[in-house]
Undergrad: 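Let me begin by handing over the structure; questions about it come next.
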Amino acid sequence: MSDDGPTPFDAVIVGAGPAGSATAIQLARAGWSVAVVERQGFPRRKVCGECIAASNLPLLHALGIGDAFDAAAGPALTEVTLMAADAAVTAALPPAGWGRHRWGRALGRETLDSLLLEQARAAGATVLQPWALQDIGGAPGHWHCDIRSPQGLPPRRLQARVMVDAHGAWQALPAQREQQRRGRSAADLFAFKAGFQRSALRAGAIAVLALDGGYGGMVVGDGDLTTLACCIRRDRLNALRSRTPGQAVGEVVEAFLRRECAGVRDALRGAERAGPWLTAGPLATGVRLDAVQGIFSVGNAAGEAHPILGEGMSMALQSAVLLCRELLGASSPSQPPLPSRPSPVPGAAEQAAMQRRYVAAWRRDFLPRLRLAAAFAHVAMRPAATALLLQAARRWPGLLTQGARWGGKVRPVEAMHLAPAWPAGARVAPKDAGPSRPSNKESA
Ligand SMILES: Cc1cc2nc3c(=O)[nH]c(=O)nc-3n(C[C@H](O)[C@H](O)[C@H](O)COP(=O)(O)OP(=O)(O)OC[C@H]3O[C@@H](n4cnc5c(N)ncnc54)[C@H](O)[C@@H]3O)c2cc1C
């Protein structure tokens, strides 16, 4: 095993989804030496509905990818339609309060995640990709982690003072796989996604699908591509698959969605699927903030909401802001970190106190969203409960609008209190540009 030498990284971040890259950008801008370990090569498609709530747009600008996002993302999302069987109710989405960032938009994860990771690289982070974390040992101040290259390079050991887990939720770390196998249940949710060209879905509308034994969503994103994503219970999926043995699971799911929901049927009439169905799961919704003592976790690694509200990327980006505010010594918005010198890396005792404050802030900001998403998901998966919700939404369409508000869609985020760039503002580097701070860089 080769070692990265006596000088540890200030922080190692595992995973380059929105949570990992947003953390890396902020820590690297504050002058920390940062390594990001990502197991997949980018760009890569990902199971996700791909809607970014309006609350995150100022944040994306502060992270340095706002202009690229504005140029690439799909149309402004101004309304929501709840679809179940042959019924549909439409309501306005609430606008957010910021001039040009009033509405959410959808952008493919192959683009969004690449933009964020390039920005982390441009800010000075070392990107190890594709490399997969195998194991973590040590304690705050003295972490070490073993990483493996899928390309057969010799394994490596990295050292870090601060360890950040941003590995998401669907690919369990090797140590968690046995536990995951033992915890199987009929209610486990599996997630699916495909893109469609030339759908008839109204641009600017988010369709929320209530299914018997699942839920989903459709939206028109970048390049006029309609993303269709859904979650289906294990027992429902097994029953569907047993009716058409040998058929690919994506085909089974697509047939089910078209059969079950008139809104999907209508939207996909004449549409053409772009690429294969992607699958992931089982989902592990809930809070796992302190899964490993002393390791800071962000995004889905910290806690996962039922994706029916489409708030997972908000929680990923916003938890990265909360964490970096703690780590960089700006625990209150009135104390942004100083741009003039690198922020000191906290010692073990300081990290413990930061962990406590971060966990409290995380629970305050995200638990209500987790609970609302769970309640909505359980209603949407039961046709009788959905019928009551549709009735109520028809009578009071403001209910769906208010639901989006409660779900965090337009909750202001204090993006202006992100760590300022150190030593100078970083911009997204062109695709082939070399690293901006060579001492921190290496290629995989
Ligand atoms: C069906 C569905 C629809 C959704 N729709 C929406 C939506 O419309 N809007 C929204 O905001 N959210 C949505 N979400 C949720 C959103 O996709 C997630 O919440 C979000 O991706 C979490 O970001 P993250 O950075 O925490 O993790 P991820 O995006 O999962 O990134 C984790 C990264 O870590 C890497 N990784 C994993 N294991 C290792 C390892 N051992 N070593 C190194 N790297 C590793 C992975 O390759 C990955 O790139 C949806 C989810 C589902 C399932």
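Ligands are counted one by one from 1 in listed order, and the atoms in each one are counted from 1 as well.
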Undergrad: Check whether NZ of the Lys or CZ of the Arg Arg156 lies under 6.0 Å from the centre of the six-membered ring of Trp131 and within 45 degrees of that ring's axis.
TA: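 Yes - Arg156 lies over the ring of Trp131, closer than 6.0 Å to its centre and within 45° of its axis.
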Undergrad: With the threshold set at 4.0 Å, does a side-chain nitrogen-carboxylate oxygen contact exist between Glu304 and Arg288?
TA: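 Yes.
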Undergrad: Could you list the atoms of ligand 1 found under 4.0 angstrom from a heavy atom of Pro307?
TA: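 Close to Pro307: 2 (C), 3 (C), 4 (C), 50 (C), 51 (C), 52 (C), 53 (C).
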Undergrad: Quick one: does any side-chain atom of Lys193 pair with a main-chain N or O of Trp277 as donor and acceptor, under 3.5 Å?
TA: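 Looks like no, no N/O pair under 3.5 Å.
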Undergrad: Which atoms of ligand 1 are found less than 4.0 Å from any heavy atom of Ala316?
TA: 23 (O)
Undergrad: Before signing off on this row, confirm whether Gly20 and ligand 1 have an N or O atom pair separated by under 3.5 Å.
TA: no
Undergrad: Does ligand 1 have any atom that is closer than 4.0 Å to a heavy atom of Glu304?
TA: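 Flag not set, Glu304 not near ligand 1.
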Undergrad: Within ligand 1, which atoms have a heavy atom of Gln40 less than 4.0 Å away?
TA: 47 (O)
Undergrad: Against heavy atoms of Trp131, which atoms of ligand 1 measure under 4.0 Å?
TA: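 Answer, ordered by atom number: 43 (C).
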Undergrad: Find the distance between OH (Tyr215) and CZ (Arg233) and round it off to the nearest 0.5 Å.
TA: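 With rounding to 0.5 Å, OH (Tyr215) is 11.5 Å from CZ (Arg233).
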Undergrad: Between ligand 1 and Ala229, is the shortest N or O to N or O distance under 3.5 Å?
TA: no
Undergrad: For the residue pair His306 and His378, categorise the inter-ring angle as parallel (less than 30°), tilted (30 to 60°) or perpendicular (more than 60°).
TA: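 If you compare the ring of His306 with that of His378, the planes turn out perpendicular.
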Undergrad: With side chains defined as the heavy atoms from C-beta onward, is the minimum distance between Phe296 and Asp165 less than 4.5 Å?
TA: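 No, their side chains stay 4.5 Å or more apart.
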Undergrad: Does any N/O atom on Ala132 come nearer than 3.5 Å to any N/O atom on ligand 1?
TA: no
Undergrad: Would Glu38 count as being in polar contact with ligand 1, using the rule that some N or O on each side must be under 3.5 angstrom apart?
TA: yes
Undergrad: How many angstroms lie between atom CG of Leu400 and atom OG1 of Thr90, to the nearest 0.5 angstrom?
TA: 9.0 Å
Undergrad: Identify which of Cys48, Ala53, Gly299, Cys51 has a heavy atom lying nearest to atom 13 (C) of ligand 1.
TA: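 Considering heavy atoms of Cys48, Ala53, Gly299, Cys51, the nearest to atom 13 (C) of ligand 1 sits in Cys48.
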Undergrad: Hey, is Met315 touching ligand 1 through its side chain, its backbone, both or neither, going by heavy atoms under 4.0 Å?
TA: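 Neither; no heavy atom under 4.0 Å.
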Undergrad: Taking the non-hydrogen atoms of Lys46, is any one of them nearer than 4.0 angstrom to ligand 1?
TA: yes
Undergrad: If you count the atoms of ligand 1 from 1 in the order shown, which ones are under 4.0 Å from a heavy atom of Arg44?
TA: 48 (C), 49 (O)
Undergrad: Give yes if a backbone or side-chain nitrogen or oxygen of Ala19 is under 3.5 Å from a nitrogen or oxygen of ligand 1, and no if not.
TA: yes
Undergrad: Atom 32 (C) of ligand 1: which of Ala301, Gly310, Ala166, Gly15 has the nearest heavy atom?
TA: Ala166
Undergrad: Within the 4.0 Å heavy-atom shell around Val14, which atoms of ligand 1 are there?
TA: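 Listed by number with element: 42 (N), 43 (C).
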Undergrad: Where do Gln318 and Asn56 land on the side chain to side chain donor-acceptor pair (under 3.5 Å) test, with the steps shown first?
TA: CA-CA 8 Å; Gln318 294 166 25; Asn56 301 297; 2.9 Å; yes
Undergrad: Strictly below 4.0 Å, N to O, side chains only: are Glu272 and Arg198 in salt-bridge contact?
TA: yes
Undergrad: Do the side chains of Arg265 and Glu260 get close enough for a salt bridge, i.e. N-O under 4.0 angstrom?
TA: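 Salt bridge between Arg265 and Glu260, a charged N being under 4.0 Å from a carboxylate O: no.
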Undergrad: Considering only heavy atoms of Gly17, which atoms of ligand 1 have at least one such atom less than 4.0 Å away?
TA: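 Answer, ordered by atom number: 25 (O), 29 (O), 31 (O), 33 (C).
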Undergrad: Please say whether more than 12 non-hydrogen atoms of neighbouring residues, nucleotides or ligands are located less than 6.0 Å from CZ in Arg202.
TA: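 Result for CZ/Arg202: open.
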Undergrad: Salt bridge between Arg369 and Glu311, side-chain N to carboxylate O under 4.0 Å?
TA: yes
Undergrad: Quick check on contacts: which atoms of ligand 1 are under 4.0 angstrom from a heavy atom of Leu133?
TA: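 With Leu133 as reference, the close atoms of ligand 1 come out as 40 (C), 41 (N), 42 (N), 43 (C).
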Undergrad: Applying a 4.0 Å heavy-atom criterion (strictly less than), which segment of Glu50 is in contact with ligand 1: side chain, backbone, both, or neither?
TA: backbone
